[in-house]
Amino acid sequence: MRAAGRVVAEMHDRIRTAIRPGVTTAELDAIGREVLASRGATSNFLGYHGFPAVICASPNDVIVHGIPGPTVLQEGDIISIDCGAIVEGWHGDAAFTAPVGEISPEAARLLEVTERSMMAGIAAMVPGGRMGDVGEAVQSVVEAAGFSVVREYVGHGIGRAMHEKPEVPNHGRRGKGTKLTRGMTLALEPMVNVGEPDTFLTEDGWTVVTADGSLSAHFEHSVALTDDGPEILTRP
Ligand code: MG
Ligand code: MG
């Protein structure tokens, strides 16, 4: 899973570097495909329930599962990139949201808060804890900033498959939920809206947008729970 995670981190790095006004989301997908091929890895996104790409590219009010295509990124947009890799049957999965050129102070604050909420959740991923500790850590950072946490989509166990039990919600109560144990590998992925938490699935059957049209950000890491604390697998 460390090997798969390193491939995902490299996809992130290469795609992040390419994000600028004028680039299309299809071009970002092509970069993801190049990295996978160069590392002998395969995609856990391509073909997933028929998904046609190796990344999800979700601009502005798109929360998750945007399909790469001819969409041209514009100055001031934000873009969420989610992707994964399989190496020797083991999966990695991670996401980030990046600015396109100069973005508004509110958009910049959304990105900072969402990433910080993920890191707070990861810090709570310790053997002996509870899943609710993780959700509460995420939720408290987000709500203290005046933003909202999406409820309909959650993180997940990850290993031999991309999506395994248990669910990893981005909200919860300390001391509640599944017990966290050594050796668990979990993907934590807060989706945070500037406005209300409600979601809407568009007619393509994939693209999930905020119901109120507000901006949304998404950060994710795959994490192993060890006796020495949480180990982030999807970073270089
Ligand atoms: Mg995931
Ligand atoms: Mg993901």
Side-chain angles (χ1 to χ4, degrees), residues 1-2 4-16 19 25 28-29 31-33 35-36 41-59 62-68 78-87 90-98 111 114-115 117-119 121-122 125 131 134-135 138 149-172 178 184-193 199 201 206-209 216-225 230-236:
M1 290 187 71
R2 289 187 183 110
R6 279 195 297 272
V7 174
V8 178
E10 186 178 349
M11 293 170 81
H12 279 201
D13 197 42
R14 290 273 312 279
I15 291 170
R16 188 190 297 274
I19 289 172
T25 52
L28 301 179
D29 185 64
I31 292 168
R33 289 173 193 253
V35 173
L36 286 163
T42 54
S43 174
N44 38 16
F45 280 45
L46 184 65
Y48 183 87
H49 296 282
F51 192 77
V54 305
I55 69 169
C56 295
S58 305
V62 181
I63 301 169
V64 284
H65 305 163
I67 301 172
I78 60 171
I79 178 72
S80 298
I81 302 294
D82 190 359
C83 61
I86 310 169
V87 174
W90 295 99
H91 289 245
D93 178 17
F96 67 96
T97 304
L111 270 48
T114 307
E115 184 168 22
S117 76
M118 173 186 67
M119 295 312 295
I122 290 171
M125 288 180 153
M131 198 66 81
V134 177
V138 172
V149 168
V150 169
R151 308 295 206 268
E152 283 92 344
Y153 302 88
V154 295
H156 47 91
I158 181 168
R160 285 287 187 184
M162 178 162 60
H163 293 144
E164 299 181 349
K165 289 180 176 171
E167 290 194 342
V168 183
N170 298 303
H171 61 101
T178 307
M184 276 184 161
T185 46
L186 304 172
L188 176 66
E189 49 180 313
M191 289 144 272
V192 175
N193 299 349
T199 67
L201 179 62
W206 282 106
T207 309
V208 179
V209 298
S216 186
H218 181 208
F219 281 82
E220 176 180 26
H221 272 308
S222 299
V223 181
L225 278 63
E231 177 183 339
I232 298 176
L233 299 168
T234 39
R235 71 179 172 198

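All ligand and atom numbering here is 1-based and tracks the order in the structure. It should be emphasised that the depicted structure is a prediction, and the values quoted were computed from it without experimental measurement.
Taking the six-membered ring for Trp and the full ring otherwise, the centers of Phe51 and His65 sit at least 6.0 Å from each other.
A distance of 10.5 Å separates CE of Met11 from CD1 of Ile31, quoted to the nearest 0.5 Å. Atom CG of Asp93 sits about 3.5 Å away from atom CD of Glu220, to the nearest 0.5 Å.
With sequence neighbours left out, the side chain to side chain donor-acceptor pair (under 3.5 Å) criterion links Thr114 to no other residue. Every side-chain contact (heavy atoms from CB on, under 4.5 Å) that Arg2 has, sequence neighbours left out, goes to Arg6, Glu231, Leu233. Remark: Arg33 engages Asp29 in a salt bridge (charged side-chain N to carboxylate O under 4.0 Å, His left out) (not counting sequence neighbours).
With a cut-off of 2.8 Å, the protein N/O/S atoms near the Mg ion (ligand 2) add up to 4.
Distances from the Mg ion (ligand 1) show that His163 has no N/O/S atom below 2.8 Å.
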